[in-house]
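Written below as structure tokens is the structure these notes are about.
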Amino acid sequence: MVFTQSDDAIEWNTCPVFGRSETTIGRDLSCNIVLDHVTVSKLHSIITTAGNQAYLSDCNSTNGVVLNGRKVEGQCQLHEKDVILITNSVLIYSSGRISYCCFKKGVSIDAYNIVKKVDKNRKTICNDVSLSIKPGELVAIIGGSGAGKTTIMNCISGYSLPTEGSVVVNGRDLYDNYDALKNIIGYVPQQDIVYDNLTVSDMLGYTARLRLPGDFTEKEYAQSISRVINAVELTAHKDQNIKNLSGGQRKRASIAVELLSDPNLFFLDEPASGLDPGTERNLMKTLKSMAISGKTVVFVTHSTLNLQLCDKIVFMGTGGNLCFYGSYDDAIVVFRSDI
């Protein structure tokens, strides 16, 4: 029996492995196990049988296959209760069958006792921080300069390894399974990740060919580009050069780059930096819409103007200490002041 503890209904399916010479896994509808996500290749992986043994192989997929925390190279024999990760999907081999599910909505993050020390003096910049973020939440990390805001976000995103502690994403250790989980994580740094001399459409077109499976058709590329342009509300500006966009539009273009791979977990470092209050409010509404659609969104900010849109707020203090973690309403009560 396989079950998932989650606020969202997640459907598990089962496919027998024996009784056929091979079991195909991929995005294409002709596969025996269909994983419907843009990061999955049409024929991503294959399971073959010989006698009473089953073997897993990667079919030169773009984003790879991870078996029990290790990337599959060549042919690997499957054993009872083996766990296979393919981008945002989990597959479990048991009793000659594959049970599988695709996490199409946001994912949970559980951080335990995160400590980060740097330089030869072992200065602590993140001190024993624990957080639990639910799927589909919009979470802001705020605090003064040097309080460890970006440090804790980098640790829970896998961008930086902590000195101590662990992070679990959807029940899987982030650091042990990073090769698989990185495909469902989007990260937008403070500096824009776009090319000034290209139009929005051209920039996304080049990025799509770098990040999405090589077996995409031109129609599929076009659909993916149109999807992210609509998501960040840049349809009217898709043919404009990026250098001619406003600061808020450029930031949304950077977000569109990461949305191409349809990540379930999204991190942003100071997305509102340098924006005027009106533009910042519109950007925050975009992030809120992403969370409502099912993505888990975590961002660092110095601004407190639109925190009422967030499901949770993290206050970091001097020395990388966690001072508060809770809802906007709880923060007002705790600090006895409007934020």
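Just so you know, residue 1 is the first one in the sequence shown, and it goes up from there. Treat the numbers as computed from the prediction; the structure is a model and nothing was measured. Atom set for the values below is all heavy atoms of this structure, side chains included, hydrogens, waters and symmetry mates excluded.
- For Tyr195, the OH atom counts as loosely surrounded, since its 6.0 Å shell holds 12 or fewer non-hydrogen atoms of other residues, nucleotides or ligands.
- Atom NZ of Lys238 has 12 or fewer heavy atoms from other residues, nucleotides or ligands within 6.0 Å.
- Dense packing is recorded around CG of Asp128, with more than 12 heavy atoms of other residues, nucleotides or ligands lying under 6.0 Å away.
- Between the side chains of Thr24 and Asn32, a donor-acceptor pair is found at a separation under 3.5 Å.
- Looking at every heavy atom in both residues, Leu283 comes nearest to Pro271 through CD2-O, 3.2 Å.
- Donor-acceptor pairing under 3.5 Å is lacking for the side chains of Ser41 and Ser61.
- Between Phe216 and Ser224 the shortest side-chain heavy-atom distance falls below 4.5 Å.
- Side-chain contact between Glu280 and Leu305 is present, with heavy atoms from C-beta onward closer than 4.5 Å.
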Steps toward side chain to side chain donor-acceptor pair (under 3.5 Å) verdict (Ser132, Asp110): CA-CA 4 Å; Ser132 182; Asp110 294 290; 2.8 Å; yes
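- Taking the charged nitrogens against the carboxylate oxygens, Arg250 and Asp196 do have a contact shorter than 4.0 Å, which makes a salt bridge.
- Side-chain contact between Gln249 and Gln240: absent, with no pair of heavy atoms (C-beta onward) separated by less than 4.5 Å.
- Side-chain contact between Val314 and Ile142 is absent, with no heavy atoms from C-beta onward closer than 4.5 Å.
- Each of Phe299, Tyr159, Phe266 was compared with Tyr187 under the ring-ring contact (aromatic ring centres under 6.0 Å, His included) criterion, and only Tyr159 meets it.
- Nearest heavy-atom pair, Lys71 versus Asp179, reported as atom, atom and distance to 0.1 Å: CB-OD2, 4.3 Å.
- Using a 4.0 Å cut-off between a side-chain N of Lys or Arg and a carboxylate O of Asp or Glu, Glu220 and Arg27 qualify as a salt bridge.
- Side-chain contact between Leu181 and Val66: absent, with no pair of heavy atoms (C-beta onward) separated by less than 4.5 Å.
- Under the 30°/60° scheme for interplanar angles, the aromatic rings of Phe315 and Phe335 are found to be tilted.
- Remark: the Ser327 side chain and the Asp330 side chain contain an N/O donor-acceptor pair separated by less than 3.5 Å.
- Atom CG of residue Leu260 and atom CD1 of residue Ile225 lie 7.0 Å apart, to the nearest 0.5 angstrom.
- A salt bridge is absent between Arg70 and Asp176: the closest approach of a Lys/Arg side-chain nitrogen to an acidic carboxylate oxygen does not fall below 4.0 angstrom.
- In this structure, the side chains of Ile86 and Val40 come closer than 4.5 Å at one or more pairs of heavy atoms.
- Side chains of Thr151 and Asn154 form no contact here, defined as non-hydrogen atoms less than 4.5 Å apart.
- When all heavy atoms of Gly278 and Asp276 are compared, the pair lying nearest together is N-OD1, 3.0 Å.
- Judged purely by atom type and a 3.5 angstrom limit, Thr124 has no side-chain atom pairing as donor or acceptor with the backbone of Asn127.
- In summary, Arg211 and Glu258 engage in a salt bridge, as defined by a charged side-chain N under 4.0 Å from a carboxylate O.
- The pair Glu218-Arg209 meets the salt-bridge criterion, since a charged nitrogen lies less than 4.0 angstrom from a carboxylate oxygen.
- Comment: Lys149 does not engage Asp269 in a salt bridge, judged by the lack of any side-chain N to carboxylate O separation of less than 4.0 angstrom.
- Within the 4.5 Å cutoff, side-chain heavy atoms of Ile47 are placed close to those of Ile98.
- Between the side chain of Asn68 and the backbone N or O of Asp82 there is no donor-acceptor pair closer than 3.5 Å.
- Side-chain contact, Asp58 with Ser45: no donor N or O sits under 3.5 Å from an acceptor N or O.
- Under the 4.5 Å side-chain contact rule for hydrophobic residues, Leu198 and Ile255 share a cluster.
- By the 6.0 Å contact criterion, CZ on Phe18 is enclosed, its count of non-hydrogen atoms from other residues, nucleotides or ligands being greater than 12.
- Asp239 and Thr199 are not linked by any side-chain donor-acceptor pair at a separation below 3.5 angstrom, with hydrogens and angles left out of the test.
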